[in-house]
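The structure appears right after this line, and notes come after that.
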Amino acid sequence: MSTGATADAGGEATGIPELVIISGMSGAGRSTAAKCLEDLGWFVVDNLPPALIPTMVDLGARSQGNVARIAVVVDVRGRRFFDNLRESLADLEAKKVKRRVIFLEASDEALVRRFESVRRPHPLQGSGRIVDGIAAERDLLRELRGDADLVIDTSSLNVHELRAKLDAQFAGEEEPELRATVMSFGFKYGLPVDADLVVDCRFLPNPHWVPELRPFTGLNEEVSGYVFNQPGAKEFLDRYTELLQLIAAGYRREGKRYVTIAVGCTGGKHRSVAMSEKLAHRLVSEGVETVVVHRDMGRE
């Protein structure tokens, strides 16, 4: 099937719409994500069978630029078509379609709470419980989650916070080569489920045990100074920054545009916050558009 696009001198396809595939757990915010992209000017199609995605892109390519950006919501309501998704993605790659996959994630507890609040069954629970439907859906979507370009954990996000995250990723007129989120967290509250890379700062002495520093956070200059005066702290920052340069280059080659780096310490208040701030500053200096999030700061 022709895409209705032309090719430039280098063989690159032109005139093909940009594509975003929105998927993830039921109750995790797919509808909110779709509405957000629609408000940003994307042409949004809800619950399109995966086998028809290349056809949708073909129609967009024939629109003479009127449909330049398409967002497609794929969910378990179309599960009988779901096996066709990988074939469709391969077809899109062969046609040089610029496509990204957004996966909306949430904890079991958050999803159960949301379904119970609206008194609706999970699409896959059948005669079982809500948790049975959630488990079945996680199993069905596991491979897609692993291939996603951007995973967003909405467990602790409200509608406005989720829209803000998506606005930050898609509202810019020009797409940067790579966007990074540096997230500090506390291991005692659990690993961030949307992390691509995890950094452990617990090898550094904890300012919590310094009485005059305990009330403050890693945003405080005295706390940050204490952390980076410890043996190995500056060297760790230097070497990890070098490692991220290598990883970022690979991500760009593979077309991955988003990375979430989770930096952890025990409580997510001192060491991880200080390290996240310095690491984000280094990434910005390397030309990576970076957002800093302190997930657990103030939680104690």
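From a predicted model like this one, the values you see are computed outputs, not experimental measurements. Side chains included, hydrogens not; waters and symmetry mates left out as well; all remaining heavy atoms used.
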Residues 125-132, side-chain donor-acceptor partners within the protein, below 3.5 Å, at least two apart:
| residue | atom | partner | partner atom | Å |
| --- | --- | --- | --- | --- |
| Gln125 | OE1 | His122 | N | 2.6 |
| Gln125 | NE2 | Gly128 | O | 3.0 |
| Asp132 | OD2 | Arg129 | N | 2.8 |

- Query: Out of curiosity, Met25 CE to Phe103 CZ, how far, rounded to the nearest 0.5 Å?
  - Reply: 6.5 Å

- Item | Closest non-hydrogen atom pair, Asp296 against Gly267 | CB-O, 3.9 Å

- Query: Excluding sequence neighbours, so at least two apart, what forms salt bridge (Lys or Arg N to Asp or Glu O under 4.0 Å) with Arg120?
  - Reply: none

- Query: What salt bridge (charged side-chain N to carboxylate O under 4.0 Å, His left out) pairs are there with at least one residue in residues 264-280, not counting sequence neighbours?
  - Reply: Lys269-Glu300

- Query: Can Val73 and Leu48 be said to form a side-chain contact (heavy atoms from CB on, under 4.5 Å), step by step?
  - Reply: CA-CA 7 Å; Val73 180; Leu48 184 72; over 6 Å; no

- Message: Please give me the minimum heavy-atom distance between Leu204 and Met275, naming the atom from each residue.
- Response: CD1-CE, 4.1 Å

- Item | Atom pair CG (Asp149) and CZ (Arg179), whose distance is rounded to the nearest 0.5 Å | 13.0 Å

- Under a 4.5 Å side-chain heavy-atom rule over Ile, Leu, Val, Met, Phe, Trp and Tyr, are Ile261 and Leu243 clustered together? yes

- Task: Please assess Leu85 against Leu144 for the test side-chain contact (heavy atoms from CB on, under 4.5 Å), listing each intermediate value before the final yes or no.
- Result: CA-CA 9 Å; Leu85 180 58; Leu144 178 61; 3.8 Å; yes

- Does Ala33 have any side-chain contact (heavy atoms from CB on, under 4.5 Å) partners at least two apart in sequence or in another chain, and if so, which? Ile22, Leu104, Leu166

- Message: Please check: side-chain N/O of His270 versus main-chain N/O of Arg214, any donor-acceptor pairing under 3.5 Å?
- Response: yes

- pair Ile152-Glu105: side-chain heavy atoms closer than 4.5 Å: no

- Message: Using side-chain heavy atoms (C-beta onward) and a distance below 4.5 Å, is Leu150 in contact with Val101?
- Response: no

- Item | Any pair counted as side chain to side chain donor-acceptor pair (under 3.5 Å), so long as it reaches residues 219-228, sequence neighbours left out | none

- Run the side-chain contact (heavy atoms from CB on, under 4.5 Å) check on Ser26 and Phe115 step by step: do they pass? CA-CA 9 Å; Ser26 298; Phe115 277 105; 3.8 Å; yes

- Task: Output the distance between atom CD1 (Ile53) and atom CG (Asp91), rounded to the nearest 0.5 Å.
- Result: 10.5 Å

- Heavy-atom pair with the smallest gap, counting every atom of Leu40 and Arg69: O-NH2, 2.8 Å

- Is Phe228 close to Leu237 at the side-chain level, that is, under 4.5 Å between some pair of heavy atoms? yes

- Are side-chain heavy atoms of Leu52 and Pro49 found at a separation under 4.5 Å? yes

- Val292, Val263: one ILVMFWY side-chain cluster at the under-4.5 Å cut-off? no

- Message: Could you see if Val293 belongs to whatever hydrophobic cluster contains Val198? Use Ile, Leu, Val, Met, Phe, Trp, Tyr and a side-chain cutoff under 4.5 Å.
- Response: no

- Message: I'd like to know whether Thr154 forms a side chain to side chain donor-acceptor pair (under 3.5 Å) with Arg30, so could you lay out the CA-CA distance, the side-chain angles of the two residues, the decisive distance to 0.1 Å, and finally the verdict.
- Response: CA-CA 10 Å; Thr154 69; Arg30 291 189 308 251; over 6 Å; no

- Quick one: does Val57's side chain get under 4.5 Å of Ile16's, heavy atoms only? yes

- Message: Going by side-chain contact (heavy atoms from CB on, under 4.5 Å), name the residues that satisfy it together with Glu161, two or more places apart in sequence or in a different chain.
- Response: Leu157, Asn158

- Query: Hey, are the side chains of Asn206 and Cys265 touching, using non-hydrogen atoms and a 4.5 Å cut-off?
  - Reply: no

- Query: Is there a side-chain contact (heavy atoms from CB on, under 4.5 Å) between Val20 and Ile70 once you walk through the steps?
  - Reply: CA-CA 6 Å; Val20 165; Ile70 299 173; over 6 Å; no

Under 3.5 Å donor-acceptor pairs involving side-chain atoms of residues 281-288, not counting sequence neighbours:
| residue | atom | partner | partner atom | Å |
| --- | --- | --- | --- | --- |
| Arg282 | NH1 | Asp238 | OD1 | 3.0 |
| Arg282 | NH2 | Asp238 | OD1 | 2.8 |
| Ser285 | OG | Arg282 | O | 2.5 |
| Glu286 | OE1 | Gln245 | NE2 | 3.4 |
| Glu286 | OE2 | Gln245 | NE2 | 2.9 |

- Note on the structure: Rounding to 0.5 Å, atoms CG (Leu111) and OG (Ser155) come to a distance of 7.0 Å

- Message: One thing to verify: whether Lys35 and Asp39 come together as a salt bridge, which I'm taking to mean a side-chain N less than 4.0 angstrom from a carboxylate O.
- Response: yes

- Indicate yes or no: at least one non-hydrogen side-chain atom of Lys98 is less than 4.5 angstrom from one of Leu19. no

- Message: Give me the atom names and distance for the closest heavy-atom approach of Leu37 to Ala71.
- Response: CD1-CB, 3.8 Å

- Mind jotting down which residue pairs meet the ring pair (Phe, Tyr, Trp, His ring centres under 6.0 Å) criterion with at least one end in residues 191-225? Sequence neighbours excluded, please. Phe203-Phe236

- Between CD1 of Ile102 and NZ of Lys165, what distance do you get to the nearest 0.5 Å? 12.0 Å

Run the side-chain donor-acceptor check on residues 182-195: report pairs under 3.5 Å with partners two or more places apart or on a different chain.
| residue | atom | partner | partner atom | Å |
| --- | --- | --- | --- | --- |
| Ser184 | OG | His294 | ND1 | 2.8 |
| Asp194 | OD2 | Asp153 | N | 3.3 |

- Message: Do the side chains of Asp108 and Arg138 get close enough for a salt bridge, i.e. N-O under 4.0 angstrom?
- Response: yes

- Ignoring hydrogens and geometry, is there a side-chain-to-backbone donor-acceptor pair from Asp58 to Pro54 under 3.5 Å? no

- Residue set satisfying side chain to side chain donor-acceptor pair (under 3.5 Å) with Arg239, at least two apart, ordered chain then number -> Glu235

- Task: List the atom of Gly27, the atom of Arg114, and the distance in Å for their closest heavy-atom pair.
- Result: O-NH1, 2.9 Å

- Query: So do the side chains of Pro207 and Val227 get within less than 4.5 Å of each other, counting heavy atoms only?
  - Reply: yes

- Output for pair (Glu38 CD, Asp46 CG), nearest 0.5 Å, gives 10.0 Å

- Query: Can you list the residues that meet the side-chain contact (heavy atoms from CB on, under 4.5 Å) rule with Glu143, with sequence neighbours excluded?
  - Reply: Arg86, Asp147

- Linked hydrophobic residues, Leu219 as query - side chain contacts closer than 4.5 Å: Val273, Met297

- Note on the structure: In terms of heavy-atom contacts, Ser63 and Val67 come closest through OG-N, 2.9 Å

